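Working notes, beginning with the structure itself.
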Amino acid sequence: MEMRNGPNRVLLKALRRSVAGNPIVDGASGGGMNALLRNAVHAVALVVCVGFATLSTARADEPAPPFKPAISDEAATAISQMGKTLHARDLSVTARTVSVYLDEFGQPLHIFHTIKIAARRPDRIAVKFIGDDGRHDLFYDGKAASVFFPDSKKYMTIPASGDIPSALDEIADKLDLDFPLGVLFAGSPDEVLLDDTMAAWQVGTATVDGIECRHLLFSQKSGIDVELWVEKNEAATPHRLVVTYPLLQGQPSFVAEFTSWTTELPLSDSEFTFEPPADVKKIDPTPAVASGTEGSK
């Protein structure tokens, strides 16, 4: 099942990336997690296929009516407003994230990160990851993508082009390095989010960091549940994101809380260009290195 252009591929792989190089689980449960996620993708595909098969069997003599998502006016308006806000030319934000999943013994593990993001549409992004699996920095300047591991003083670079989502796809494929919040920097974040939605509605309101927010829930066709807290105003700036995977054992989740949103100040080209320090070593872009295996040695 291909999830490349939707949020689900990004979010499923985000869990794998979050634990792949962690010294707590590296070697012990990393392979199990990869297998678990592969099974999840198969399970998602099975659910979708069974649904369509049942529909066609039950009404083989009738054309199936077009599917119409049940999206409330409140949710649709809030997400449209959020999409306009996130479509700013220059954008920066800090996110604190945690990935929660079961290890091979059935014990819940929590992997934490602080992620600092700067982006300039359509083709510039820089991301600094600091977390339980160490630190690494990502730079994309419209021509090349670089990943820098400050702890091991190593970096790798690949040619990359196109807009931010296209570059992130190249980085994921060639470096096995995933950016779990990349969906927020798609050409139209609201459309990407709603594309896989079966139903969406406002659960209620809540105060996040002193700001009143709409609490929205999205039920996805692929079996993933997305909760989003956005400001209750015309900007609808997101402040919290929770993604739950009910088809996976233990229902793992990904949580992000956002602070320091800036959409007004222009960002300089130097923000997105990687200049390797004199004492660092360039390495080949292999999946093992990108997942943190070599960088953690």
Side-chain angles (χ1 to χ4, degrees), residues 10-34 36-37 92-104 107-119 125-141 144-158 160 167-168 170-182 185 241 243 252-260 271-297:
V10 176
L11 294 169
L12 277 170
K13 292 189 75 178
L15 284 179
R16 176 170 64 86
R17 174 67 191 95
S18 296
V19 302
N22 190 283
I24 299 174
V25 299
D26 191 20
S29 63
M33 187 61 183
N34 288 335
L36 189 66
L37 288 173
S92 64
V93 64
T94 296
R96 291 184 59 83
T97 71
V98 56
S99 298
V100 186
Y101 73 101
L102 298 183
D103 69 4
E104 61 179 340
Q107 297 297 314
L109 292 180
H110 300 71
I111 311 301
F112 290 81
H113 287 90
T114 296
I115 306 175
K116 296 184 178 181
I117 310 154
I125 191 166
V127 188
K128 296 182 182 295
F129 301 84
I130 303 174
D132 293 343
D133 53 356
R135 174 184 167 185
H136 57 280
D137 302 336
L138 166 66
F139 300 88
Y140 172 57
D141 61 5
S146 300
V147 179
F148 175 42
F149 302 95
D151 296 337
S152 60
K153 295 185 177 181
K154 296 176 181 178
Y155 76 97
M156 49 190 172
T157 299
I158 61 168
L168 292 176
E170 287 193 62
I171 292 166
D173 290 339
K174 296 178 181 178
L175 302 181
D176 199 27
L177 178 69
D178 295 286
F179 176 36
L181 300 173
F185 301 90
L241 170 71
V243 183
S253 60
F254 173 80
V255 181
E257 292 198 331
F258 306 101
T259 60
S260 307
E271 294 269 359
F272 313 105
T273 303
F274 175 62
E275 296 292 344
D279 59 343
V280 303
K281 178 183 177 182
K282 186 176 182 180
I283 55 178
D284 293 331
T286 61
V289 173
S291 65
T293 303
E294 182 169 334
S296 62
K297 291 182 180 180

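The structure presented is a predicted model; accordingly, all values stated were derived computationally and were not measured.
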Minimum heavy-atom distance between [X] and [Y], given as atom pair plus value:
X: Ile115; Y: Pro180; result: CD1-CG, 4.4 Å
X: Thr259; Y: Val93; result: O-CG2, 3.3 Å
X: Asp284; Y: Met156; result: O-SD, 4.1 Å
X: Thr114; Y: Arg96; result: OG1-NH1, 3.1 Å
X: Ala126; Y: Glu271; result: CB-O, 3.3 Å

Drop me the distance from [X]'s [atom1] to [Y]'s [atom2], to the nearest 0.5 angstrom.
X: Leu175; Y: Ile158; atom1: CG; atom2: CD1; value: 4.0 Å
X: Tyr140; Y: Leu168; atom1: OH; atom2: CG; value: 9.0 Å
X: Ser146; Y: His136; atom1: OG; atom2: NE2; value: 13.5 Å
X: Ile171; Y: Leu138; atom1: CD1; atom2: CG; value: 4.5 Å
X: Leu102; Y: Gln107; atom1: CG; atom2: CD; value: 8.5 Å
X: Glu257; Y: Thr97; atom1: CD; atom2: OG1; value: 10.5 Å

Among Phe274, Phe139, Tyr155, ring pair (Phe, Tyr, Trp, His ring centres under 6.0 Å) partner for Phe148: Phe274
How are the rings of Phe129 and Phe179 set relative to one another: parallel (under 30°), tilted (30 to 60°) or perpendicular (over 60°)? perpendicular
Can you name the side-chain contact (heavy atoms from CB on, under 4.5 Å) partners of Thr273, sequence neighbours left out?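 With sequence neighbours excluded, Thr273 shows a side-chain contact (heavy atoms from CB on, under 4.5 Å) to Asp141, Glu275, given in chain and number order.
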Mind checking what makes side-chain contact (heavy atoms from CB on, under 4.5 Å) contact with Ile130, not counting sequence neighbours?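 Applying side-chain contact (heavy atoms from CB on, under 4.5 Å) to Ile130 gives Arg135.
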Let me see the working for Leu241 and Phe258 under side-chain contact (heavy atoms from CB on, under 4.5 Å), right down to the final yes or no. CA-CA 8 Å; Leu241 170 71; Phe258 306 101; 4.0 Å; yes
Residues in salt bridge (Lys or Arg N to Asp or Glu O under 4.0 Å) with Lys153, at least two apart?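 With neighbours one apart ignored, the set is Asp279.
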Is there a side-chain contact between His113 and Asp133, using heavy atoms and a 4.5 Å cut-off?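 Yes - at least one pair of side-chain heavy atoms lies under 4.5 Å apart.
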